[in-house]
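Scroll down for the structure; my scribbles are underneath it.
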Amino acid sequence: MVNEIKILNYKIYFKKDEEIKIILKNNYQGYYLFVNVNTLVESKKNILLSESLNNSRANFPDGFPLALISRLKGVKNARRIAGPDFTLELIKLLEKENKNCAFYGGNEEQNKERIKKLKILFPELKFISFAEKEEQKLIKNINKEKIYYLFSS
């Protein structure tokens with residue numbers, strides 16, 4: 001069964017949620033992206049985005065049009081893998097397994113809101129969170145806090 005195809009010259013992987021969780025849980029170093037059609041189109045104008053897509057461990061289809069294109073190219077049962085939904089499931093797993101994680105992105109107000117929501121949704125989660133302009137602070141704390149996963153927006 002085909003589980004990867006190229007769309008606009010980028011590899012898109014089609015895996016079941018459980019397969020993705022196994023990949024991510026087994027600490028395969030690198031980064032993973034959830035992409036949609038807009039991401040792929042924008043990458044043709046943005047070399048950094050293009051390089052990110054080419055160098056990721058895997059690009060997962062976060063959009064119905066990618067699933068539809070994939071079905072037309074022979075991927076049976078291709079479907080959208082919603083990044084936000086999958087991320088919540090992964091965070092639940094990290095909380096359950098008592099693994100530290102970090103969140104990075106947005107402005108200070110968005111960061112405060114993210115911290116507040118995470119504490120409500122995942123009261124046992126061990127995490128640190130930083131706004132975009134706190135990049136140096138994040139870098140200093142990643143090893144110190146033994147961060148297992150870094151989520152970036």
Side-chain angles (χ1 to χ4, degrees), residues 1 3-5 7 10-43 46 48-49 52-71 75-135 137-153:
M1 180 174 146
N3 64 10
E4 89 177 48
I5 62 164
I7 299 176
Y10 299 110
K11 286 183 184 175
I12 308 295
Y13 293 88
F14 292 86
K15 301 266 188 192
K16 295 177 184 163
D17 286 354
E18 288 308 312
E19 291 174 307
I20 297 170
K21 284 180 188 171
I22 289 167
I23 289 170
L24 298 177
K25 185 179 174 186
N26 286 327
N27 198 22
Y28 294 107
Q29 293 183 343
Y31 60 93
Y32 301 83
L33 301 172
F34 290 85
V35 301
N36 57 32
V37 171
N38 185 61
T39 305
L40 299 181
V41 170
E42 287 299 313
S43 72
N46 182 325
L48 292 176
L49 180 56
S52 293
L53 290 164
N54 281 322
N55 294 317
S56 69
R57 294 277 300 177
N59 300 311
F60 299 115
D62 187 357
F64 179 73
L66 293 181
L68 184 59
I69 292 166
S70 301
R71 287 180 195 158
V75 180
K76 293 181 180 177
N77 301 319
R79 63 178 179 73
R80 172 183 185 231
I81 302 170
D85 296 340
F86 187 84
T87 299
L88 287 175
E89 290 300 313
L90 181 58
I91 293 170
K92 282 181 198 174
L93 181 67
L94 294 173
E95 180 184 41
K96 181 180 173 185
E97 294 185 356
N98 206 27
K99 297 198 188 252
N100 298 346
C101 61
F103 298 85
Y104 171 71
N107 61 39
E108 288 179 34
E109 191 59 38
Q110 290 166 322
N111 186 47
K112 286 178 187 174
E113 187 64 27
R114 176 174 49 230
I115 291 169
K116 187 172 138 183
K117 286 181 180 177
L118 285 168
K119 286 181 177 182
I120 291 168
L121 292 171
F122 307 101
E124 302 300 317
L125 182 67
K126 293 179 180 163
F127 72 94
I128 53 177
S129 185
F130 300 94
E132 243 176 68
K133 70 180 199 174
E134 299 176 300
E135 184 175 328
K137 200 171 165 185
L138 167 69
I139 292 167
K140 282 182 186 177
N141 281 280
I142 280 189
N143 289 329
K144 180 180 153 192
E145 299 293 331
K146 296 182 176 125
I147 299 303
Y148 194 76
Y149 274 99
L150 171 63
F151 297 92
S152 177
S153 56

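All of these numbers come straight from a predicted model, not from anything done at the bench.
- Here the shortest heavy-atom pairing between R71 and R79 reads NH2-CA, 4.3 Å.
- Close placement of the F34 and F86 rings is indicated, their centers lying within 6.0 Å of each other.
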Run the numbers on F122 and L88 for side chain to side chain contact (heavy atoms under 4.5 Å, CB included), then give the verdict.
-> CA-CA 10 Å; F122 307 101; L88 287 175; 3.9 Å; yes

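- The closest side-chain heavy-atom distance from L138 to L150 is below 4.5 Å.
- Residues D62 and I81 form no side-chain contact, since every pair of their non-hydrogen atoms from C-beta on lies 4.5 Å or further apart.
- In this structure, the separation between OG on S43 and CG on N59 is 9.5 Å, given to the nearest 0.5 Å.
- Residues Q110 and E132 have side chains not in contact (no heavy-atom distance under 4.5 Å, counting atoms from C-beta outward).
- Within the model, atoms CG of L33 and OG1 of T39 stand 8.5 Å from one another, a figure rounded to the nearest 0.5 Å.
- The salt bridge (charged side-chain N to carboxylate O under 4.0 Å, His left out) pairs that include a residue from residues 111-123 number zero, where partners must be two or more places apart or lie in different chains.
- Side-chain contact, S56 with Y32: no donor N or O sits under 3.5 Å from an acceptor N or O.
- A cation-pi arrangement is present between K99 and Y148 under the rule of less than 6.0 angstrom and at most 45 degrees off the ring axis.
- Among I115, I91, L94, the one residue that satisfies the side-chain contact (heavy atoms from CB on, under 4.5 Å) test with F127 is I115.
- Summarising the geometry of A78 relative to A67, their closest heavy-atom pair is CB-O, 3.7 Å, with the distance given to 0.1 Å.
- The OH atom of Y31 lies 4.5 Å from the OG atom of S52; values are rounded to the nearest 0.5 Å.
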Side chain to side chain contact (heavy atoms under 4.5 Å, CB included) assessment of K133 paired with E108 = CA-CA 8 Å; K133 70 180 199 174; E108 288 179 34; 2.4 Å; yes

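- Remark: L66 CG to Y10 OH distance equals 13.0 Å, nearest 0.5 Å.
- A 4.5 Å side-chain heavy-atom check between I5 and I7 finds at least one atom pair inside the cut-off.
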Kindly determine whether K92 and E95 satisfy salt bridge (charged side-chain N to carboxylate O under 4.0 Å, His left out), including the steps that lead there.
-> CA-CA 5 Å; K92 282 181 198 174; E95 180 184 41; over 6 Å; no

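- Between N46 and E42 the shortest side-chain heavy-atom distance does not fall below 4.5 Å.
- In this structure the side chain of I139 never reaches within 4.5 angstrom of the side chain of Y104, judged on heavy atoms.
- Judged by distance alone, with hydrogens and angles left aside, the side-chain atoms of E145 form no donor-acceptor pair with the main-chain N or O of I142 at under 3.5 Å.
- I147 CD1 to N100 CG: the interatomic distance, rounded to the nearest 0.5 Å, is 5.0 Å.
- Taking CD of E89 as the start and OG1 of T87 as the end, the distance is 10.0 Å to the nearest 0.5 Å.
- Using modelled atom types, one finds a donor on one side chain and an acceptor on the other under 3.5 Å when comparing K126 with N98.
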